[in-house]
S.K.: 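I have a structure here, written as structure tokens, and I will follow up with some questions on it.
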Amino acid sequence: DSASPPGDPAMAPRLEDITSRIQPRLFINRLPEGCSAEEVQALVEAVVPTKEVKLLEGRPVAFVTLGCWSDCAAALATLRGSELRGSTLTVELCARKTHDKT
């Protein structure tokens with residue numbers, strides 16, 4: 001049988017393959033009431049550049065897409081527990097798969 005044994009490292013996906021298919025994103029929760037995408041963008045861009053900021057309507061959360069994983073690490077280290085207009089924010093990684101157009 002030519003099948004690889006379970007746990008065969010040769011069959012494991014390469015890190016490059018994984019990171020090329022998952023966008024570096026942050027999930028920011030506990031935003032103050034009435035918070036705008038521009039406020040979130042300014043907060044994050046004080047640390048790293050953003051590619052996209054999306055707020056969920058009616059919920060105090062935002063998804064922020066960044067350019068690379070090192071920007072995610074820097075933003076997490078700086079923004080976790082920070083405050084915006086009196087609200088203490090929670091900031092986490094939120095990986096979203098990209099869609100192949102093949």
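In this text the structure is predicted, and so the values were computed from the model without any measurement.
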S.K.: When you compare the side chain of Leu66 with that of Leu26, does any pair of heavy atoms fall below 4.5 Å?
M.R.: yes
S.K.: Can you name the closest pair of heavy atoms from Thr88 and Gly81 and give their distance?
M.R.: CG2-O, 3.7 Å
S.K.: Is Leu55 linked to Leu79 within one hydrophobic cluster, defined over Ile, Leu, Val, Met, Phe, Trp and Tyr using a side-chain heavy-atom separation of less than 4.5 Å?
M.R.: yes
S.K.: For Leu93 and Cys72, work out which heavy atoms get closest and say how close.
M.R.: CD2-CB, 3.7 Å
S.K.: Which distance, rounded to the nearest 0.5 Å, do you find between the CD of Glu39 and the CG of Leu84?
M.R.: 5.5 Å
S.K.: Tell me whether Val47 shares a hydrophobic cluster with Leu89, the cluster being built from Ile, Leu, Val, Met, Phe, Trp, Tyr side chains joined at under 4.5 Å.
M.R.: yes
S.K.: When clusters are formed by joining ILVMFWY residues with side-chain heavy atoms under 4.5 Å apart, either directly or through shared neighbours, do Ile28 and Leu76 land in the same one?
M.R.: yes
S.K.: Is a side-chain donor or acceptor of Arg80 paired with a backbone partner of Val91 at a separation under 3.5 angstrom?
M.R.: yes
S.K.: Taking all heavy atoms of Val40 and all of Cys35, pick out the closest pair and write down the distance.
M.R.: CG2-SG, 3.8 Å
S.K.: Can any side-chain N or O of Glu45 pair as donor or acceptor with the backbone N or O of Ala42 at less than 3.5 Å?
M.R.: no
S.K.: What is the distance from atom SG of Cys94 to atom CG of Asn29, rounded to the nearest 0.5 Å?
M.R.: 11.0 Å
S.K.: Give the cluster check for Trp69 versus Phe63: same hydrophobic cluster or not, with ILVMFWY residues linked at side-chain heavy-atom distances below 4.5 Å.
M.R.: no
S.K.: Could you measure the distance from the OG1 atom of Thr65 to the CG atom of Asp71? Nearest 0.5 Å is fine.
M.R.: 12.0 Å
S.K.: What's the shortest heavy-atom distance between Ser87 and Arg30, and which atoms?
M.R.: CB-O, 3.3 Å
S.K.: Which distance, rounded to the nearest 0.5 Å, do you find between the CD of Glu52 and the CD of Gln23?
M.R.: 7.5 Å
